[in-house]
Amino acid sequence: MYPQQPQHPPIAPVPYPPAPPRRRTGLVVAALAAGLLLGAGAVGTAWAVVANDTPSDARADAEAACGALDRFDPDLLLDEGPDGLTHNYRWSSAMTLAQGAAEADARYRPLAERLLKARDAYYQGLELNGEPTDHLEEAHRLCADL
């Protein structure tokens, strides 16, 4: 027979080193490319919109200014709370849109000037009667002629 071999504890398997993390370069590159394309598309669209300030765009701005002016109630301008803020924003919007229209098309310059004169006269006396009201009425007349 065979001589008996001494008993040794079993040898544990040597663990393999962990696999290096998978690099997702393909996914990152695809995400970057998609972001670049979307960003370029957004910039291109914005550029096309800004570059195409045609008189019809100016007219749309002037009409929007008149719409904001129509909804503006001077009596509520000094109210504290949401009504006062709302009418302040409407007046500011009307001035800003009219200025944009005037920059794109000189035909809308009188409307922008009237709204700015109303603002300046208002800030001098902090009242919307007299001169500011006259300028606002003239702005309404100009809007009616659009």
Side-chain angles (χ1 to χ4, degrees), residues 7-146:
Q7 295 252 338
H8 296 288
I11 298 176
V14 177
Y16 290 105
R22 287 183 49 190
R23 293 191 178 155
R24 297 184 177 170
T25 54
L27 182 61
V28 171
V29 169
L32 285 173
L36 208 74
L37 287 174
L38 287 173
V43 169
T45 301
W47 186 25
V49 168
V50 171
N52 284 335
D53 272 339
T54 61
S56 63
D57 291 337
R59 180 174 177 84
D61 287 343
E63 289 172 349
C66 290
L69 184 61
D70 285 342
R71 292 184 307 279
F72 166 65
D73 186 351
D75 295 332
L76 296 176
L77 184 64
L78 296 177
D79 276 6
E80 292 184 20
D83 284 342
L85 282 174
T86 299
H87 290 280
N88 189 350
Y89 290 137
R90 285 180 182 154
W91 191 17
S92 297
S93 298
M95 286 185 284
T96 303
L97 286 163
Q99 287 175 311
E103 288 297 321
D105 189 337
R107 291 180 291 177
Y108 303 110
R109 191 164 309 282
L111 175 62
E113 289 173 353
R114 282 299 171 173
L115 289 171
L116 293 174
K117 285 180 181 181
R119 179 204 58 196
D120 293 343
Y122 169 74
Y123 283 136
Q124 287 176 359
L126 290 178
E127 291 183 4
L128 271 175
N129 54 27
E131 188 181 353
T133 303
D134 295 341
H135 291 301
L136 286 174
E137 288 173 0
E138 180 61 25
H140 280 287
R141 281 193 288 278
L142 290 168
C143 284
D145 293 341
L146 284 183

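We use all heavy atoms of the structure for the numbers below, so side chains are in, but hydrogens, waters and symmetry mates are not. Just so we're clear, the structure is a prediction, and the values are computed from it rather than from any experiment.
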Spacing of CG belonging to L76 relative to CG belonging to N88, to within rounding of 0.5 Å:
12.0 Å
For [Y], does its backbone N or O pair with a side-chain atom of [X] as donor and acceptor, under 3.5 Å?
X	Y	value
R109	A102	yes
R119	L115	no
R114	E138	no

Check against salt bridge (charged side-chain N to carboxylate O under 4.0 Å, His left out), E63 and R59:
CA-CA 6 Å; E63 289 172 349; R59 180 174 177 84; 3.0 Å; yes
Please give me the minimum heavy-atom distance between [X] and [Y], naming the atom from each residue.
X	Y	answer
S93	A68	CB-CB, 4.5 Å
C143	L111	SG-CD1, 3.9 Å
D79	D83	OD2-CB, 4.3 Å
A98	A65	N-CB, 3.7 Å
A101	A58	CB-O, 3.3 Å

Can you check side-chain contact (heavy atoms from CB on, under 4.5 Å) on L136 and L69, steps first, answer last?
CA-CA 9 Å; L136 286 174; L69 184 61; 4.0 Å; yes
Would you check, one step at a time, whether the test side-chain contact (heavy atoms from CB on, under 4.5 Å) holds for L142 with Y108?
CA-CA 9 Å; L142 290 168; Y108 303 110; over 6 Å; no
Do the side chains of H135 and D120 get nearer than 4.5 Å, heavy atoms only?
no
Students often mix this up, so state it plainly: with edges at 30° and 60°, are the rings of F72 and H87 parallel, tilted or perpendicular?
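Answer is tilted, since the angle falls between 30° and 60°.
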